[in-house]
Undergrad: 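Pasting a structure here, questions to come.
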There are 2 protein chains.
Amino acid sequence: MKTRIRELRAKTGITQEELAQQVGVRRETIVFLEKGKYNPSLKLAYRVARTLGSTIEEVFIFEEEELA
Amino acid sequence: MKTRIRELRAKTGITQEELAQQVGVRRETIVFLEKGKYNPSLKLAYRVARTLGSTIEEVFIFEEEELA
DNA sequence: ACACAATGTTAGATATACATAACAGGTGCA
DNA sequence: TGCACCTGTTATGTATATCTAACATTGTGT
């Protein structure tokens, strides 16, 4: 899974820490998400997308093979 | 969380069992999802949405309060 | 009424998302 | 140089999504 979290954070000028607080998770969780190191719950994905002013499918990108 | 899984299943005429097989999970998992009894992983949400010919945000609906 | 398919529920086991804490490397700025 | 901030990593613990199996209920057709 790839994400545009870092890119969107840069665009809105917020840090991992700030995103974490707004989303209600720990900063480490954001680090792992940004690096695609795990597969978030749908609710968390929604929160991140909304906080970044975007949608789930724009923020979290799966390759076809990953879904098969 | 509410979902349109049942509605979209009806539209395409597939059973819980068939959806489960196509998505690669157990039927009980589909039952729980349909009833909003748990919060799926993003990857599972993607698979369900794609199998139903739709998108995550159309299939899984969160109320504002749930996200806050 | 009977048979069978579809759906619902429950209990226990396993995997993993996420929390927590602690530390390390990098960058910019005084 | 030094400090403060941002980012990355690792280890351990907890909560919960998902699996598995078994049984109950509801619906549908004949």
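Lettering follows sequence order; numbering is per chain, from 1.
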Undergrad: Can you tell me if the side-chain N/O atoms of A:Arg9 get under 4.0 Å from OP1 or OP2 in D:dT7?
TA: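 Yes, within the criterion.
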Undergrad: Between B:Arg27 and A:Glu28, which has a closest nucleotide on DNA chain C that is more 5'?
TA: B:Arg27
Undergrad: Starting from P on D:dT18, measure out to CD on B:Glu34 and report it in whole angstrom.
TA: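 Spelled out: CD on B:Glu34 to P on D:dT18 is 15 Å.
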Undergrad: To the nearest Å, how far apart are B:Asn39 CG and D:dA15 P?
TA: 17 Å
Undergrad: Over how many whole Å does the gap from A:Tyr38 atom OH to C:dA19 atom P extend?
TA: 7 Å
Undergrad: For DNA chain C, whose closest nucleotide is more 5', that of A:Phe32 or that of B:Gln16?
TA: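 Residue closer to the 5' terminus by nearest nucleotide: B:Gln16.
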Undergrad: Strictly below 4.0 Å: does B:Thr15 bring a side-chain N or O up to OP1 or OP2 of C:dA5?
TA: no
Undergrad: Kindly say if B:Ser41 contacts the phosphate of D:dT18, meaning a side-chain N or O under 4.0 Å from OP1 or OP2.
TA: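 Yes.
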Undergrad: Can you check whether B:Arg6 has a side-chain N or O nearer than 4.0 Å to OP1 or OP2 of C:dG8?
TA: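 For B:Arg6, the contact criterion (side-chain N or O under 4.0 Å from OP1 or OP2 of C:dG8) is met.
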Undergrad: Checking contacts here: which listed nucleotide (C:dC18, C:dG8, D:dT9) is nearest the side-chain heavy atoms of A:Val31?
TA: D:dT9
Undergrad: Is any side-chain nitrogen or oxygen of A:Lys35 closer than 4.0 Å to OP1 or OP2 of D:dT9?
TA: yes
Undergrad: Look at atom CD of B:Glu63 and say whether more than 12 heavy atoms of other residues, nucleotides or ligands are closer to it than 6.0 Å.
TA: yes
Undergrad: Looking only at heavy atoms, which two atoms of B:Gln16 and B:Ile30 are closest? And how far apart?
TA: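 Looking at all heavy atoms of both residues, the shortest contact is O-CG1, 4.1 Å.
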Undergrad: OP1 or OP2 of C:dA19 sitting under 4.0 Å from any side-chain N/O of A:Thr29?
TA: yes
Undergrad: I'd like to know if the side chain of A:Glu57 reaches the main chain of B:Ile56, judged simply by a donor and an acceptor atom lying under 3.5 Å from each other, with no hydrogens or angles considered.
TA: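 Yes, because the side chain of A:Glu57 sits within donor-acceptor range (under 3.5 Å) of the backbone of B:Ile56.
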Undergrad: In whole angstroms, how far is the P atom of D:dC6 from the CD atom of A:Gln21?
TA: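 Taking CD of A:Gln21 and P of D:dC6, I get 10 Å after rounding.
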Undergrad: Look at the side chain of A:Arg26 and decide which nucleotide, out of C:dA19, D:dT20, D:dG8, has an atom nearest to it.
TA: C:dA19
Undergrad: Could you give the NZ-to-P distance, from A:Lys43 to C:dA19, as a whole number of Å?
TA: 12 Å
Undergrad: Answer yes when B:Lys2 and B:Glu58 have at least one side-chain N-carboxylate O distance shorter than 4.0 Å, and no when they do not.
TA: no
Undergrad: Can you measure B:Leu42 atom CG to D:dT18 atom P for me and round it to whole angstrom units?
TA: 11 Å
Undergrad: Roughly how many Å is it from CZ in B:Phe60 to C1' in D:dA17, rounded to a whole number?
TA: 13 Å
Undergrad: When rounded to the nearest 0.5 angstrom, what is the spacing between CG in B:Leu52 and CZ in B:Arg9?
TA: 8.5 Å
Undergrad: Tell me the interatomic distance from A:Ile30, atom CD1, to D:dT9, atom P, rounded to whole angstroms.
TA: 15 Å
